[in-house]
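Quick notes on the structure that follows.
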Amino acid sequence: MRLVLIGGGFVNNSNNFQINKRIVEIDGKTSPKVLFIPTAMNDDENYIIEFVETYESRLGCRVEVLRCINHNPSDDEIKYRINSADLIYLGGGNYIKMIEQWMKYKIDTLLLEALKNETLIAGISAGAICWFKSGLRTNYGGEGYLESSGWGRVKHIFCPHYNQPKRAEAFHSLIQNRSDNEIGIGLEDDCALYLTGEACEVIGEPSKAWEFESIDGTLLKRNLTVALSKL
């Protein structure tokens, strides 16, 4: 397993750029082929342009884009793009719409296979939630935040954008009301966590990565660097 899970931020922002630079370093290839999947952002063309400018123009990668909102890719196209990528980057946005589209095209199954085959995969916000047991997302049909299930490759509960006060408050309540030994991970914008089967690395400022646990109804919060061995 090689996963980079990003709390949030803008891909062309200077602080976020350091994360992207590190992702390319982790991949280790010269001019790697990067597959960008912006489904959660409705295949927004401005989002795609920002990504291409960052990864192709600034980081020297070869970028391909898998669109499945206004484009109807064939099974062969999807398989080829995912299986031939050195690095796959899953964009942020609407988690529910993303998961629905991926199930429709069986992209979810292919991503899980790619992870098993040691392809480096990065996901930001919604693109990171899917890898956890569950995660806290925006309530798109109303106010506040809701928990949604993920694929469980990381056996914890995830909160992206932990720097947002109302979201953080909702996450505290979620973890505090869970059974003992449930671990929550909160990442602020411009902070990421690189996970392999054997090691962990906080990318960005360590002070923006947090771990939570409820013990007898009391919420415990600590900097993630203290407990990386648990992940």
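Numbering starts at 1 and runs along the sequence shown.
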Atom pair CD (Q18) and CD1 (I23), whose distance is rounded to the nearest 0.5 Å | 11.5 Å
Ignoring hydrogens and angles, tell me if any N or O in the side chain of T119 forms a donor-acceptor pair with the backbone of L115 under 3.5 Å.
-> no
Residue pair S148, R137: steps toward the side-chain hydrogen bond (donor to acceptor under 3.5 Å, both in side chains) verdict | CA-CA 7 Å; S148 283; R137 63 166 177 86; 2.7 Å; yes
Please lay out, stage by stage, how V11 and E53 fare under the test side chain to side chain contact (heavy atoms under 4.5 Å, CB included).
-> CA-CA 10 Å; V11 69; E53 286 178 347; over 6 Å; no
Does T196 reach the main-chain N or O of E198 with its side chain, forming a donor-acceptor pair under 3.5 Å?
-> yes
Between N20 and L59, is any pair of side-chain heavy atoms under 4.5 Å apart?
-> yes
Heavy-atom pair of closest approach, residues W102 and C130 = CZ3-SG, 4.2 Å
So, N16 side chain and G8 main chain: donor-acceptor pair closer than 3.5 Å or not?
-> yes
Can you get from I19 to F10 by hopping between Ile, Leu, Val, Met, Phe, Trp and Tyr side chains that sit under 4.5 Å apart?
-> no
Donor-acceptor contact present, side-chain E211 to main-chain N223, <3.5 Å = no
Does L35 offer a backbone N or O that forms a donor-acceptor pair with the side chain of E64 under 3.5 Å?
-> no
Ionic contact status for R222 with E213, cut-off 4.0 Å = yes
Taking C-beta and beyond as the side chain, do I48 and N46 meet within less than 4.5 Å on heavy atoms?
-> no
Linked, directly or transitively: Y140 and M41 (ILVMFWY side chains, under 4.5 Å) = no
Could you give the distance from CG (D43) to CD (E45), rounded to the nearest 0.5 Å?
-> 7.5 Å
Do I37 and I6 share a hydrophobic cluster (ILVMFWY, side-chain heavy atoms under 4.5 Å, transitive)?
-> no
Distance-only polar pair, side chains of Y105 and N72, donor-acceptor under 3.5 Å | yes
Centre of F132's six-membered ring, under 6.0 Å away, within 45 degrees of the axis: is that where NZ or CZ of R153 sits?
-> no
Between CD on residue E201 and CD1 on residue I26, distance to nearest 0.5 Å | 5.0 Å
Return yes if some donor-acceptor pair links the side-chain N/O of N177 with the main-chain N/O of S173 below 3.5 Å, else return no.
-> yes
Donor-acceptor contact present, side-chain E188 to main-chain A209, <3.5 Å | no
Between S57 and V52, is any pair of side-chain heavy atoms under 4.5 Å apart?
-> no
Report the C-alpha separation of L120 and V4 in whole Å, then their side-chain angles, then the decisive distance to 0.1 Å, and conclude whether the side chain to side chain contact (heavy atoms under 4.5 Å, CB included) test is met.
-> CA-CA 8 Å; L120 178 61; V4 179; 4.1 Å; yes
Please confirm whether the backbone N or O of I124 pairs with a side-chain atom of Y89, one donor and one acceptor, at under 3.5 Å?
-> no
Side-chain donor-acceptor pair present, K97, N42, cut-off under 3.5 Å = yes
Between the CD1 atom in I96 and the OG1 atom in T138, the distance rounded to the nearest 0.5 Å is 11.0 Å
Nearest-0.5 Å distance, OH of residue Y47 to CG of residue N12 | 10.5 Å
What are the two closest non-hydrogen atoms of A114 and I121, and how far apart are they?
-> CB-CD1, 4.3 Å
Is a donor on one side and an acceptor on the other found under 3.5 Å between the side chain of N15 and the backbone of D190?
-> no
Is there a donor-acceptor contact under 3.5 Å from the side chain of K155 to the main chain of G152?
-> yes
Heavy atoms of other groups near E143 CD, more than 12 under 6.0 Å = no
Please test L111 against W151 for side chain to side chain contact (heavy atoms under 4.5 Å, CB included), starting from the C-alpha separation and ending with a verdict.
-> CA-CA 11 Å; L111 288 174; W151 299 328; 4.1 Å; yes
For I69, the rest of its hydrophobic cluster, which grows through side-chain links under 4.5 angstrom | none
Does a sphere of radius 6.0 Å around NZ in K21 hold more than 12 heavy atoms from other residues, nucleotides or ligands, not counting ones at 6.0 Å or beyond?
-> no
I88 with I78, same ILVMFWY side-chain cluster at under 4.5 Å = yes
Locate the shortest heavy-atom distance separating V154 from L3; write the atom from each residue and the value.
-> CG2-CD1, 4.3 Å
Check whether V24 and L195 end up in the same hydrophobic cluster, where Ile, Leu, Val, Met, Phe, Trp and Tyr are linked by side-chain heavy atoms less than 4.5 Å apart.
-> no
Value for CG (L112) from CD1 (I107), rounded to nearest 0.5 Å, stands at 12.0 Å
Are K166 and E169 ion-paired here, with the side-chain N under 4.0 Å from a carboxylate O?
-> no
Taking every heavy atom of C68 against every heavy atom of T39, the minimum-distance pair comes out as SG-OG1, 3.5 Å
Would one find more than 12 heavy atoms of other residues, nucleotides or ligands at under 6.0 Å from atom CD of E205?
-> no
Residues A126 and Y95: closest non-hydrogen pair is O-CD1, 3.6 Å
Can you find a pair of side-chain heavy atoms, one from C61 and one from K33, that are under 4.5 Å apart?
-> no
Worked verdict on I203 versus C191 for side chain to side chain contact (heavy atoms under 4.5 Å, CB included) = CA-CA 6 Å; I203 305 173; C191 182; over 6 Å; no
Closest non-hydrogen atoms of P32 and D27, given as atom of the first, atom of the second and distance, are CB-OD2, 3.2 Å
Side chains of F36 and L90 in contact at under 4.5 Å (non-hydrogen atoms) | no
Lys/Arg-Asp/Glu bridge criterion (N-O < 4.0 Å) met for R81, E77 | yes
May I ask you to test the L224-I185 pair for a side-chain heavy-atom distance under 4.5 Å?
-> yes
In the hydrophobic cluster built from side-chain contacts under 4.5 Å, what are the other members alongside F212?
-> L136, Y145, I157, Y162, F171, L174, I175, W210, L219
Residue pairs passing the side-chain hydrogen bond (donor to acceptor under 3.5 Å, both in side chains) test with at least one member in residues 123-136, sequence neighbours excluded, are S125-H161, K133-E182, S134-E147
So, do L187 and K208 sit near enough that their side-chain heavy atoms are less than 4.5 Å apart?
-> no
Residue pair K79 / L110, side-chain heavy-atom distance below 4.5 Å | yes
